[in-house]
Amino acid sequence: MLNQLDYYKYFEIIDKVKTAEQIILPKDEYAHVISEINTNMSEMDRTKNLVTKPIGDYYYTIINYGYNDYRIIGKRPIIDDIEIKWEDNT
């Protein structure tokens, strides 16, 4: 059960995500990322507001407003060594 402090921390995090600035990508990269998200997002992810997906060499984090309506707010490289350790521990 959440205590009152945890409750307010969660809402603070949610507010930060909602106001996160969009990352401006080059046109071709943006088109590729949006196409991948439109094509390969699972039905479960389509119901979520915040989604992170691996595309190419990066993880992209988006705010999902519905099909073909996303704000890209994060881009992080996929680091192979970390991926291998993660897969070995699951």
Side-chain angles (χ1 to χ4, degrees):
M1 185 168 167
L2 290 178
N3 64 37
Q4 192 171 13
L5 183 59
D6 288 338
Y7 180 81
Y8 288 116
K9 283 182 183 179
Y10 283 123
F11 274 98
E12 186 177 311
I13 292 167
I14 290 168
D15 285 341
K16 284 181 184 177
V17 168
K18 285 182 177 179
T19 59
E21 293 202 19
Q22 181 169 348
I23 293 175
I24 305 302
L25 301 175
K27 251 185 183 178
D28 57 337
E29 182 180 4
Y30 179 82
H32 176 70
V33 169
I34 297 302
S35 175
E36 286 289 324
I37 292 168
N38 282 339
T39 304
N40 298 313
M41 192 182 311
S42 70
E43 290 302 316
M44 175 79 123
D45 282 345
R46 290 193 189 283
T47 66
K48 296 181 180 179
N49 294 325
L50 187 65
V51 179
T52 299
K53 286 287 179 201
I55 300 171
D57 295 332
Y58 296 92
Y59 287 110
Y60 292 88
T61 300
I62 63 159
I63 297 176
N64 177 18
Y65 296 107
Y67 181 80
N68 205 38
D69 189 8
Y70 317 107
R71 183 181 340 152
I72 301 170
I73 61 168
K75 176 184 175 184
R76 290 171 207 75
I78 296 172
I79 302 170
D80 290 335
D81 292 344
I82 294 172
E83 292 296 312
I84 291 167
K85 284 187 180 210
W86 174 260
E87 290 171 3
D88 288 345
N89 289 323
T90 57

Report yes or no: do Tyr30 and Tyr60 belong to one cluster of Ile/Leu/Val/Met/Phe/Trp/Tyr joined by side chain heavy-atom distances under 4.5 Å? yes

Is a donor on one side and an acceptor on the other found under 3.5 Å between the side chain of Arg76 and the backbone of Thr61? no

Partners passing side-chain contact (heavy atoms from CB on, under 4.5 Å) against Asp45 (at least two apart in sequence or in another chain): Met41, Ser42, Lys48, Val51, Lys53

Can you name the nearest heavy-atom pair linking Tyr59 to Pro77, along with the distance? CD1-O, 4.3 Å

Atom CD1 of Ile34 and atom CD of Glu29: how far apart are they, to the nearest 0.5 Å? 10.5 Å

Would a distance-only check, ignoring hydrogens and angles, find a side-chain to backbone donor-acceptor pair under 3.5 Å from Ser35 to Ala31? no

Just by distance, with hydrogens left out, do Tyr67 and Arg46 show a side-chain donor and acceptor under 3.5 Å apart? no

Considering only heavy atoms from C-beta outward, does the side chain of Ile73 approach that of Leu50 to under 4.5 Å? yes

Close side-chain approach of Leu25 and Lys75, heavy atoms under 4.5 Å: yes

Ignoring hydrogens, what is the shortest heavy-atom contact between Pro54 and Ile78? Give both atom names and the distance. CB-CD1, 3.8 Å

So Tyr70 and Asn38, do their side chains get closer than 4.5 Å, heavy atoms only? yes

Is it the case that over 12 heavy atoms from other parts of the model lie below 6.0 angstrom from the CG atom of Asn40? yes

Test of understanding: with salt bridge (charged side-chain N to carboxylate O under 4.0 Å, His left out), list the residues that count as partners of Glu36, not counting sequence neighbours. none

Would you mind reporting whether Ile62 and Ile72 have side-chain heavy atoms less than 4.5 Å apart? yes

